[in-house]
Amino acid sequence: MESNWADSLRQKLDDHYTWPSLYTFKFIVPKEKVEDVKKLFPRHEATEKSSKNGNYISVTLQMMMRGSEEVIEVYNLVSGVEGLIAL
């Protein structure tokens with residue numbers, strides 16, 4: 001991912017959160033890629049919700065993060081999942 005994107009996100013996160021903090025990640029994933037996302041976080045429970053037509057699944061995870069760098073690492077990790085949209 002672009003460093004400008006990461007720098008901007010880092011600044012926003014550090015302005016808004018006091019670390020460590022519980023952070024909610026939400027990803028929209030093609031239904032055939034849901035397991036790929038869940039495998040990246042085997043120790044965390046994911047909440048799933050299907051889209052109206054069932055083609056996409058919303059995957060929500062809450063994780064305790066030590067800082068903005070850790071949040072950015074998670075976004076970088078999931079960026080390898082084809083078709084994933086991070087919210």
Side-chain angles (χ1 to χ4, degrees):
M1 296 199 162
E2 295 178 26
S3 65
N4 288 344
W5 171 87
D7 291 341
S8 175
L9 179 59
R10 183 180 303 105
Q11 183 64 49
K12 290 175 185 172
L13 290 169
D14 288 340
D15 288 348
H16 186 10
Y17 288 91
T18 302
W19 306 108
S21 188
L22 190 63
Y23 188 83
T24 301
F25 293 93
K26 189 165 194 166
F27 309 113
I28 306 299
V29 190
K31 66 180 177 182
E32 62 273 3
K33 298 290 184 176
V34 169
E35 289 305 315
D36 293 349
V37 173
K38 290 170 65 175
K39 285 178 187 175
L40 295 173
F41 308 103
R43 296 175 48 206
H44 296 89
E45 187 174 329
T47 303
E48 300 174 30
K49 183 178 178 186
S50 295
S51 65
K52 181 179 177 181
N53 294 327
N55 296 327
Y56 294 91
I57 307 290
S58 166
V59 179
T60 304
L61 297 121
Q62 287 194 321
M63 297 190 285
M64 186 59 72
M65 297 283 108
R66 292 177 290 204
S68 57
E69 285 300 321
E70 200 170 35
V71 173
I72 292 167
E73 287 174 17
V74 170
Y75 283 118
N76 284 329
L77 180 65
V78 299
S79 70
V81 177
E82 186 179 343
L84 179 136
I85 299 169
L87 302 178

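Values below: every heavy atom of this structure, side chains too, minus hydrogens, waters and symmetry copies. On a predicted model such as this, the values are computed, not experimentally measured, just so you know. The first residue of the sequence shown is numbered 1, and numbering continues consecutively from there.
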Just say parallel, tilted or perpendicular for the rings of H44 and F41, cut-offs at 30° and 60°.
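Plane angle over 60°, so perpendicular.
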Give me each pair satisfying salt bridge (charged side-chain N to carboxylate O under 4.0 Å, His left out) with a member in residues 21-34, each pair once, sequence neighbours excluded.
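Pairs touching residues 21-34 that pass the test: K33-D36.
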Could you name each residue pair satisfying salt bridge (charged side-chain N to carboxylate O under 4.0 Å, His left out) that touches residues 43-56, not counting sequence neighbours?
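Those involving residues 43-56 are K38-E48.
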ILVMFWY network linking V74 to L84, side-chain heavy atoms under 4.5 angstrom:
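Same cluster.
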For residues Y23 and L77: do they belong to one hydrophobic cluster (side chain heavy atoms under 4.5 Å, members Ile, Leu, Val, Met, Phe, Trp, Tyr)?
yes
How far apart are the closest heavy atoms of [X] and [Y], and which atoms are they?
| X | Y | value |
| --- | --- | --- |
| V81 | L40 | CG2-CD1, 4.0 Å |
| P30 | G83 | CD-O, 3.5 Å |
| V78 | F27 | CG2-CE2, 3.6 Å |

Should D7 and Q11 be marked as a side-chain hydrogen bond (donor to acceptor under 3.5 Å, both in side chains) after you check the CA-CA gap, both sets of side-chain angles, and the distance that decides it?
CA-CA 6 Å; D7 291 341; Q11 183 64 49; over 6 Å; no
Distance-only donor-acceptor hits, side chain of residues 53-71, under 3.5 Å, sequence neighbours excluded:
| from | atom 1 | to | atom 2 | distance (Å) |
| --- | --- | --- | --- | --- |
| Q62 | NE2 | T24 | OG1 | 3.0 |
| R66 | NE | E70 | OE2 | 3.3 |
| R66 | NH2 | E70 | OE2 | 2.8 |
| S68 | OG | D14 | OD1 | 3.0 |
| S68 | OG | D14 | OD2 | 3.3 |
| E69 | OE2 | R10 | NE | 2.2 |
| E69 | OE2 | R10 | NH2 | 2.8 |
| E70 | OE1 | R66 | N | 2.5 |

